[in-house]
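Report on the following structure.
Whatever order the structure lists ligands and atoms in, that order sets their numbers, starting from 1. Throughout, residue positions are numbered sequentially from 1 according to the sequence presented.
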Amino acid sequence: WKMDELEIAGRVEFDQPYNWKVLADNFMEAYHHFAIHPETFEPNYPAAISRAEETNAPWAALRMPHKDGALSETLFQPLDGIPDGARRGFSVFNVYPSMLLAVLADSVIWYRMEIDSVDRFKLTIYLLVHPQALDVPDAEALKTFLREGAYAVHMEDIAACDGVQRGLMSGSARAGRLSHLEGAIHEHQKWLMAELARP
Ligand SMILES: [Fe+2]
């Protein structure tokens with residue numbers, strides 16, 4: 001993806017009044033697509049066919065294939081050399097603890113969390129595109145479209161994260177089993193347990 005060559009094509013900032021790990025958990029499962037993103041993600045990237053990897057590494061990975069194995073729609077030029085499979089969906093990564101990346105065929109979206117306290121962080125969503133990928137007509141309009149799309153998707157997630165935070169703070173929340181669609185969250189929890197057990 002030549003990540004070291006990517007340029008910032010846009011950014012969106014939010015002041016978030018909930019625990020940063022609520023967003024890390026949200027970001028790393030597609031289970032919520034059918035309920036939270038019924039129009040933005042579920043039609044093409046349905047929850048049911050998402051796949052978490054067993055990484056056993058300091059990072060988690062979740063694959064979200066396009067339904068029917070179709071090519072994902074792109075705004076910009078997909079980079080040369082990107083494997084065919086990566087063009088038929090997208091992937092998200094959590095580099096522990098708090099770096100979140102969505103990797104698409106034509107761009108990378110970085111959720112940067114600057115953690116202020118247990119219930120507040122600053123989120124900056126960086127939209128990263130390779131200069132070669134920007135070699136398309138109306139690149140500026142597409143950047144605006146991407147920024148507005150990122151904003152709209154995150155607004156959908158904010159509603160869910162606010163609700164999770166309220167639940168966690170209610171005093172009635174109990175831990176439960178994770179779904180098989182939440183394997184990437186389990187990977188994070190395994191890593192966290194190991195870190196907490198270290199002298
Ligand atoms: Fe979401």
### Task
Determine, for R166 against D162, whether the closest basic-nitrogen to carboxylate-oxygen distance falls under 4.0 angstrom.
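No, this pair does not count.
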
### Residue that, paired with Q16, satisfies side chain to side chain donor-acceptor pair (under 3.5 Å) out of Q165, R120, E114, H154
H154

### Task
Taking the six-membered ring for Trp and the full ring for Phe, Tyr or His, determine whether the centres of Y96 and W191 are under 6.0 Å apart.
yes

### Query
So, for F121 and Y18, is the gap between ring centers shorter than 6.0 Å?
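Under 6.0 Å, so yes.
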
### Task
Please name all residues satisfying ring pair (Phe, Tyr, Trp, His ring centres under 6.0 Å) with W1, sequence neighbours left out, ordered by chain then number.
none

### Task
Have a look around the Fe ion (ligand 1) and list protein N/O/S atoms under 2.8 Å, or say none.
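Counting only protein N, O or S atoms under 2.8 Å from the Fe ion (ligand 1), the list reads H32 NE2, H37 NE2, D157 OD1, D157 OD2.
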
### Message
Looking at M3, I'd like to know if its CE atom is crowded, meaning that more than 12 non-hydrogen atoms belonging to other residues, nucleotides or ligands lie closer than 6.0 Å.
### Response
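Correct, the count exceeds 12.
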
